[in-house]
Structures are given as C-alpha cells and as structure tokens.
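What follows is a set of notes on a single structure, which appears directly below.
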There are 2 protein chains.
Amino acid sequence: MKITCPVTMMNKGGYNTQSFTKENFIKLEELMYEQQVKRGEKIYWEGNNCSHLYYLKSGAVKLTKSSDEGKDLVLYHFQAGDLFGEIGDDSHILNSFSAEAMTDCSLGIIQQKDLETILWQNGDLAIEFMKWMGYMQRFTQTKLRDLMFFGKHGALASTLIRIANSYGIEEGNTIRLTTKFTNTEIADLIGATRETVNRMLNQLKKDEIIAYENGTIMIEDLERLKAICHCEGCPKNICRL
Amino acid sequence: MKITCPVTMMNKGGYNTQSFTKENFIKLEELMYEQQVKRGEKIYWEGNNCSHLYYLKSGAVKLTKSSDEGKDLVLYHFQAGDLFGEIGDDSHILNSFSAEAMTDCSLGIIQQKDLETILWQNGDLAIEFMKWMGYMQRFTQTKLRDLMFFGKHGALASTLIRIANSYGIEEGNTIRLTTKFTNTEIADLIGATRETVNRMLNQLKKDEIIAYENGTIMIEDLERLKAICHCEGCPKNICRL
DNA sequence: AGCGAGATGTGATGTTTATCACACCTGAAT
DNA sequence: ATTCAGGTGTGATAAACATCACATCTCGCT
C-alpha cells in the first residue's frame, strides 16, 4: 500500500497532560513509583477506594463499567502520556469505573497523599492540575452529549471522529485510523450491540463516508460524518477517546 | 394533609461545597461579586468562554444542552449552596452547556483569574477545590451510567432517587418529593419524551412503587425503585440532580 | 495445508421508544 | 363564571435498536 501524500500525525495520541509545564510535570514524576501491568489485567476495580493517580508511560488502558448482565460500557481510552485516576474526598470514596490494561502497560503511580502534599506546596502545579481536571470533566460531558443526542448513528459518527483525533493520520483528504477496532470494541464505546455497529458501519461504507483498506478504516468524508453527529468542533484534546 | 411521622430532611438540598472548610470558603466568598438573575434568564451560554465560577446563594439553576431540533437535555440542577461553572485551560475554551435560572437567583461570581490567584496562594483551598472538582466529575460519570445502562425505565428510576436525595423528606417509610416536576422536566433530565415519562410514571403508580398526593410524588417503595436502576448506593452528594 | 477461535455479515423477529393526534383536566387571569 | 395556556393521559403507528440464529470470513498456529 503506497502512501503518496504527506502524512501528518493529527494528534500525538495521549497527552492529556498538556496542561502541565515541563518543570511541574517533572515534580509529579518524582512522586511516581513504577508498576508493570500485563494486558487484560485490571489496574483498579469499580467499588475500590480511589486514592491513586496513574500516569501511563506506555501501553493503553480503558476505563469501563460492566453491568451484571455482562454489558460493558467503555468511557475512556488512555494512551502513553495520559494521566488518569479518580480523586476522592477521603478514603471512603469508591471508584465508579474500572481501569483495565488493553496492552502491557508501564505505569507511574502517585499516592493521593503525595499528590496533595505537592499541590499544597506548589501553587502553579495546583492550578495546572485543576485545568487537567477541567479537561477530564469536559471530556465526560461531551461524551454524554454525543451518546444521548443523535441516536446510535450520531454516537458512532462522533466516536469515529474521536478515534480519528486519537489515532488518525491524514492521507490527502482522507484519514487513516492507524489502530484496528473490532465491532464489539466500538459497540462498547457507544453502548450499542455489535450487530448494530456492523450494520451502521456497512451503511457508512455504502454511502462512501468511510472505506476499508487492509482492515483499517479510512474516513473518506469527514464533513458528512460531522454532520451526522452535529459536530461542534470541540478541541482535539477533548474530542478524543 | 396531616404529617404524622417525624419529618427528616434527607439532604440540605444543594451544598456541593461541603468539601470546603468554613475558613477557606470565606476566602472564596471574598472574591465574589454579587449578581441577581431573573427566572428564565441565562447565566451563561454554551459556546461562550468559560472563565467564571458561580456560587448560588439562593434560587435554582439548571445546566442544559439544546439541540438544533429543540430537544433539551438537562445535566444538573443546582440549588442554594452549590458551586458551578466550567474552568478552562485558557480563555479560548468554550462552555459545552448553558446555565439557566429556573427561579430568580442571587449569585456570587468569581473570576477565573482571581480563583487562580487564591488557589496559588492557599494550598489547603487548592486541595479542597480539587476535591470539589472530583465530586463534579463523579456526578457526571454516574449520570452517564444511569442514562446508558438500564433503558429509560432505569434512567427514570435513578432520577426519582436523585430527586428524593435532593428534594425529599422522609415520612414514615415513604419519601415525599417536596418539589413538583412536570413530565417534561423529568423527560429532559433523562433524554426521553414527555409521553414516555408519563406512561412510565403511571406504570410505577400502578405497581405501587410511587403514589401521587396533592400533585406531588411520594416514593412508596424505594427498594423496588433501586432495583430498576440497579442502584449501587452512591453517596448522596453524588446521587443528586 | 488445514484447524479453530474470534471476527464479520445478514435475515427474521421482538422490544423499546418516539411520533402524531387528540381528549381531558387544572388553575390562574379576565 | 369563562377562557385559555400549559399540563396530563392514552391510543395508533412508526422508527430505532436489540436479540437470536446462522453462515462466512479471517488469521495465527500446528
């Protein structure tokens, strides 16, 4: 498969840590102790205490909620460079989602106590940290909007755009999604069934909005995709997986 | 209507500011300038810059998103004692929801710049503020879970429980919802139509899970309501409107 | 080369939810 | 007391989505 057009990475991938300055981020790094997690293992469970922050050095992590019936809803995908975790008021606050390693991961773990100490000492860092939390909140809000407003078609369209922002490279006026997603994975991201996702994707293909090349999805007509979910053009650090 | 049982307020109502100590909250109050807003007016619009924090001294506010087709989704209800607003990384970040006064309101407004200054100076306050943001994030996540997981019936059940936590008083083993909600208002909270909500509420009445008394809803069987949305027993400061 | 697990594609059918249409009810304002 | 706007109740119908049941297609592994 020959690539004839200049290839530009649309997004570094993860890096929701961009609100931190280099110097301040180093201070955070000094608090981390490293841990390796194998693909498929849980980093934390819903219902457990939340008292840690995690920096994903390498690998990929998803935040999921599973119902008793075995349904899964995937809230976030984190990539190398992302920070995640839930901050509790005190130790009795429980996680509402689980974090699961999608690939082997290398993590930096920060204790909430250590985090609080350094935020207390360092006002700059505290403000940057607050901005990071603001991003996370806005991400969740826009995800809720995308899932609720324009049906499963809208949810799928917005998710494809989010995938493009997270994992896409431009090739001429198309976008190649460099990571493969199964129908089931996409279904879990939008709270739909595999079959529904499959039918919708085939419809998009028929309409020449997307195409398949070697099993990876190409976005052929971003504008029509945006129209389906009434895209508001959120910044890429929010419009992501 | 005679009340024969001891009446206990289940929740003060608003007060998502409970992560702040009195002394620190006073420091926040010193930054506020007051503004009055009339019922029905917008406090801010989606698409506007977000650079303010709002403290609701009295009245009620809802955060809404409206689609071009005229559908409305209501994300939060705020009451006296609540803090709200969206924090942006820098001035080019836009609100994703609008804030609208549901009654005449008295607001204390804090400029983001002033907030940053005081957080920078005061580590305790920064940590408490971070915890407040954590609450907001967890609220949004649980709301997303409730809306997505168990259909419209589940969304309605969880919303009734949230209303009970925000506006309910116990009367024996029933809970009286002290505020009236129209079918349309509930529909906007769960992303459904008025008709669907009406039919579901009548079904709950038939099943003796709820009852009407003078037009206000009484929750007669909280346990069965919890079963419908597979309630996980989140703390009341998160399980609210 | 061929086996087998996991992924995809698709019809038939059922459930859930929205849409449309209209009757009725209630309460505040004239 | 009448009017009228906004809320409620309910049937008929349609659209969206899930479920079930298979057939088929990958692709890594022996």
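Proteins get letters first, then strands, A, B, ... in listed order; numbering begins at 1 in each.
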- Message: Taking the minimum atom-to-atom distance to the side chain of B:K205, which one of D:dA18, C:dA18, D:dG9 wins?
- Response: D:dG9
- Message: What is the distance, to the nearest angstrom, from the CD1 atom on B:I186 to the C1' atom on D:dG9?
- Response: 15 Å
- Query: Which listed nucleotide (D:dA21, C:dT19, D:dT10) is nearest to the side chain of B:R194?
  - Reply: D:dT10
- Message: Measuring to OP1 and OP2 of D:dT10, would you say a side-chain N or O of B:N202 lies under 4.0 angstrom away?
- Response: yes
- Item | Presence of B:T196 side-chain N/O under 4.0 Å of C:dA18 phosphate oxygens OP1/OP2 | yes
- Between D:dC22 (P) and A:N198 (CG): distance, integer Å: 19 Å
- Task: In whole angstrom, give the distance that lies between atom CZ of B:F149 and atom P of C:dT16.
- Result: 18 Å
- Looking across every strand, which nucleic acid part, if any, lies under 4.0 Å from B:G191 by heavy atom: base, sugar-phosphate, or nothing? sugar-phosphate
- Query: Regarding A:Y55 and A:T17, is there a side-chain donor-to-acceptor distance under 3.5 Å anywhere?
  - Reply: no
- Query: So, are A:K71 and A:D188 salt-bridged, with charged N and O less than 4.0 Å apart?
  - Reply: no
- Whole-Å distance separating the CD1 atom of A:I190 from the C1' atom of D:dA18: 13 Å
- Item | Phosphate OP1/OP2 of D:dT8: any B:N183 side-chain N/O under 4.0 Å | yes
- Message: Looking only at the side chains, is there a donor atom on one of A:T140 and B:Q137 sitting less than 3.5 Å from an acceptor on the other?
- Response: yes
- Message: Nearest whole Å is fine: how far is D:dA16 P from B:K71 NZ?
- Response: 10 Å
- Message: I need the CE-C1' distance between B:M148 and D:dC17, as an integer number of Å.
- Response: 12 Å
- Message: Salt bridge check, A:K38 against A:D104: does any charged N sit closer than 4.0 Å to a carboxylate O?
- Response: yes
- Task: If the plane angle is over 60° it's perpendicular, under 30° parallel, otherwise tilted; pick one for A:Y167 and A:F181.
- Result: perpendicular
- Atom CE of B:M200 and atom C1' of C:dT15: how far apart are they, to the nearest Å? 15 Å
- Between B:T184 and A:G151, which has a closest nucleotide on DNA chain D that is more 5'? B:T184
- Item | Quiz item: B:R199 side-chain donor-acceptor pair to D:dG11 base, under 3.5 Å | yes
- Note on the structure: The residue, A:H153 or A:E195, whose nearest nucleotide of DNA chain D is more 5′ is A:H153
- Separation of C:dA7 P from A:L201 CG (nearest whole Å): 15 Å
